[in-house]
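In the text below, chain A, chain B and the rest are named by the order of the sequence lines, each starting its count at 1. Atom set for the values below is all heavy atoms of this structure, side chains included, hydrogens, waters and symmetry mates excluded.
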2 protein chains.
Amino acid sequence: MATMTAAQRREQARVEYDAFLKSCPTNQLLDRISDKWVSLVVSALAPGPLRYSDLGRKIAGVSPKMLTQTLRSLERDGLLDRTVTPSVPVRVDYELTALGQNLALLLTAVKDWAETHFDEVREARERYDTEGADS
Amino acid sequence: MATMTAAQRREQARVEYDAFLKSCPTNQLLDRISDKWVSLVVSALAPGPLRYSDLGRKIAGVSPKMLTQTLRSLERDGLLDRTVTPSVPVRVDYELTALGQNLALLLTAVKDWAETHFDEVREARERYDTEGADS
DNA sequence: CTGGATCCCACAGGATACTG
DNA sequence: CAGTATCCTGTGGGATCCAG
């Protein structure tokens with residue numbers, strides 16, 4: 001049957017659209033910086049190199065799994081370097097690459113924007129919440 | 001007993017950290033633009049106002065639920081205006097506020113960064129994937 | 001046409017224990 | 001110390017039906 005349900009059409013559109021989004025650099029980067037831990041790790045590393053457990057302590061509340069996972073993906077994308085020193089207790093240092101520093105800059109821009117406009121957003125929220133409450 | 005298990009300490013740290021993050025404007029904005037649909041809606045609306053169903057069609061693959069949910073949160077944050085025209089079939093238009101346009105600008109900056117550095121990321125990925133494969 | 005309400009499931013991500 | 005493997009839960013988000 002040539003007729004598709006609305007759900008089927010939407011599903012098809014979604015798949016195509018997802019494929020399109022995946023091929024889009026903007027969206028890929030957006031996915032990167034959207035990740036909660038990515039931004040935290042990059043920020044933590046911005047001042048200088050840190051060891052694995054230092055990161056774990058500095059970020060406070062990250063599970064080893066997510067820390068490793070985040071570090072791996074950032075390393076893969078060439079945003080940070082992983083240096084292993086095979087001493088008696090193994091020592092691993094992580095530091096941002098030039099590209100990583102660059103991303104940190106972008107995060108800073110986001111941060112600046114946030115701080116600049118945060119009051120407006122807060123006011124808008126209060127207005128919105130209030131006008132709904134008093135009826 | 002005054003002694004806490006490692007899990008308890010981590011849990012406490014996580015709660016405190018979450019509270020800290022919630023109070024941080026940067027993180028709130030990051031949460032905003034991280035949302036997959038938020039960026040798409042803002043981009044779709046950047047050129048000009050659109051109706052509800054136009055948005056649904058332009059974004060292709062969004063469920064009515066997420067579309068509404070996204071629009072509501074953006075409206076609450078004062079990023080877009082919702083205009084209801086009570087004609088026979090109800091008509092609702094959405095358009096970015098000045099603040100919303102501003103956010104669109106930020107997304108554009110992210111986009112520019114992405115397009116500028118995407119090649120480097122892609123190369124880094126290929127390098128990473130290759131060196132792992134040939135052993 | 002524009003949504004609200006509900007059910008439901010996949011999957012990201014946290015806790016935990018174990019290994020080089 | 002620096003992870004890896006496993007399990008398990010929370011929740012984001014899609015499908016579906018209903019209402020103004």
Side-chain angles (χ1 to χ4, degrees), chain A residues 4-15 17-18 21 31-32 34-41 49-75 80-95 132, chain B residues 4-18 21 31-32 34-41 49-76 80-95 132:
Chain A
M4 298 172 75
T5 67
Q8 285 173 322
R9 259 181 283 110
R10 200 142 17 94
E11 165 65 9
Q12 189 187 27
R14 198 183 56 76
V15 170
Y17 205 60
D18 279 0
L21 287 180
D31 278 354
R32 214 22 8 101
S34 333
D35 191 287
K36 176 183 178 183
W37 300 117
V38 164
S39 50
L40 292 174
V41 166
L50 281 177
R51 302 177 52 174
Y52 181 86
S53 44
D54 288 335
L55 278 170
R57 236 168 290 113
K58 183 159 184 177
I59 295 187
V62 63
S63 62
K65 174 182 174 180
M66 290 321 291
L67 185 52
T68 301
Q69 185 173 307
T70 304
L71 290 169
R72 281 297 178 297
S73 75
L74 288 176
E75 187 194 357
L80 57 77
D81 280 330
R82 180 170 176 272
T83 315
V84 181
T85 311
S87 43
V88 184
V90 195
R91 176 203 175 98
V92 182
D93 285 87
Y94 292 93
E95 78 177 302
Chain B
M4 297 172 76
T5 67
Q8 284 173 322
R9 260 181 282 110
R10 197 138 24 88
E11 166 65 10
Q12 190 187 26
R14 198 184 55 77
V15 171
E16 285 169 8
Y17 205 60
D18 279 1
L21 286 180
D31 278 354
R32 204 47 344 112
S34 356
D35 191 288
K36 175 183 179 183
W37 301 116
V38 164
S39 50
L40 292 174
V41 167
L50 281 178
R51 301 179 51 178
Y52 181 84
S53 45
D54 287 336
L55 278 171
R57 236 168 291 113
K58 183 160 185 177
I59 295 186
V62 63
S63 62
K65 174 182 172 179
M66 289 322 291
L67 184 53
T68 300
Q69 185 173 307
T70 305
L71 290 169
R72 282 293 178 288
S73 75
L74 288 176
E75 187 194 358
R76 186 170 109 95
L80 57 77
D81 280 329
R82 179 169 177 271
T83 315
V84 182
T85 310
S87 44
V88 184
V90 195
R91 176 204 174 99
V92 182
D93 285 87
Y94 293 94
E95 76 175 304

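Closest to the B:Tyr94 side chain, of the nucleotides C:dG3, D:dG14, C:dA15, is C:dG3. Here the nucleotide nearest the side chain of B:Tyr52, chosen from C:dG3, C:dG14, D:dC1, is C:dG3. Across D:dG14, C:dG20, C:dG13, the shortest atom-to-atom separation from the side chain of A:Val90 is found for C:dG20. Relative to the side chain of A:Thr68, the nucleotides C:dG4, C:dC1, D:dT4 differ in distance, and D:dT4 lies closest. Of all nucleotides listed (D:dA2, C:dG14, C:dG3), C:dG3 comes nearest to the side chain of B:Val92. Checked against C:dG14, D:dT4, D:dG13, the side chain of A:Pro64 finds its nearest nucleotide in D:dT4.
Between A:Val62 and A:Met66, the shortest heavy-atom contact is CG2-CB, 4.0 Å. Here the closest non-hydrogen pair linking A:Tyr52 and A:Leu67 is O-CD2, 3.8 Å. Residues B:Asp93 and B:Arg91 come closest through the heavy atom pair OD1-NE, 2.8 Å.
Here the C1' atom of nucleotide C:dC1 and the CG atom of B:Leu67 are 13 Å apart, to the nearest Å. A:Asp31 has its CG atom 16 Å from the P atom of C:dC11, to the nearest Å. Rounded to whole Å, the distance from CE on B:Met66 to C1' on D:dG12 is 7 Å. Atom CG in B:Asp54 sits roughly 11 Å away from atom P in C:dC1 (whole-Å rounding). As rounded to whole Å, 14 Å separates atom P of C:dG13 from atom CD1 of A:Ile59. Taking atom CD on A:Gln69 and atom C1' on D:dA5, their separation rounds to 13 Å, with Å as the unit. If you take CH2 of A:Trp37 and C1' of C:dA12, they are 13 Å apart, rounded to a whole angstrom. The distance from atom CZ of A:Arg91 to atom P of D:dA2 is 8 Å, rounded to the nearest whole Å.
Inspection of the A:Tyr94 and A:Thr83 side chains reveals no N or O donor paired with an N or O acceptor under 3.5 Å.
Side chains of B:Val41 and B:Val38 form no contact here, defined as non-hydrogen atoms less than 4.5 Å apart. Proximity of A:Glu95 to A:Arg82: side-chain heavy atoms (C-beta onward) are nowhere separated by under 4.5 Å.
Close to D:dT4, at under 4.0 Å from its OP1 or OP2, lies a side-chain N or O of A:Arg72. Distances shown here put every side-chain N or O of A:Ser63 at or beyond 4.0 Å from the OP1 or OP2 atom of C:dA15. Close to D:dA2, at under 4.0 Å from its OP1 or OP2, lies no side-chain N or O of A:Arg82. The phosphate of C:dC1 (OP1 or OP2) has no side-chain N or O of B:Arg51 nearer than 4.0 angstrom.
When atom types are taken as modelled, the side chain of A:Ser87 and the backbone of A:Pro89 share a donor-acceptor pair closer than 3.5 angstrom.
A distance of 8.5 Å separates CZ in B:Arg51 from CZ in B:Arg57, rounded to the nearest 0.5 Å.
Rounded to 10 degrees, the angle separating the terminal helix axes of the helix from C:dC1-D:dG20 to C:dG20-D:dC1, each built from five base pairs, is 50°.
Ranked by how close their nearest DNA chain D nucleotide is to the 5' end, A:Lys65 and A:Pro89 are led by A:Pro89.
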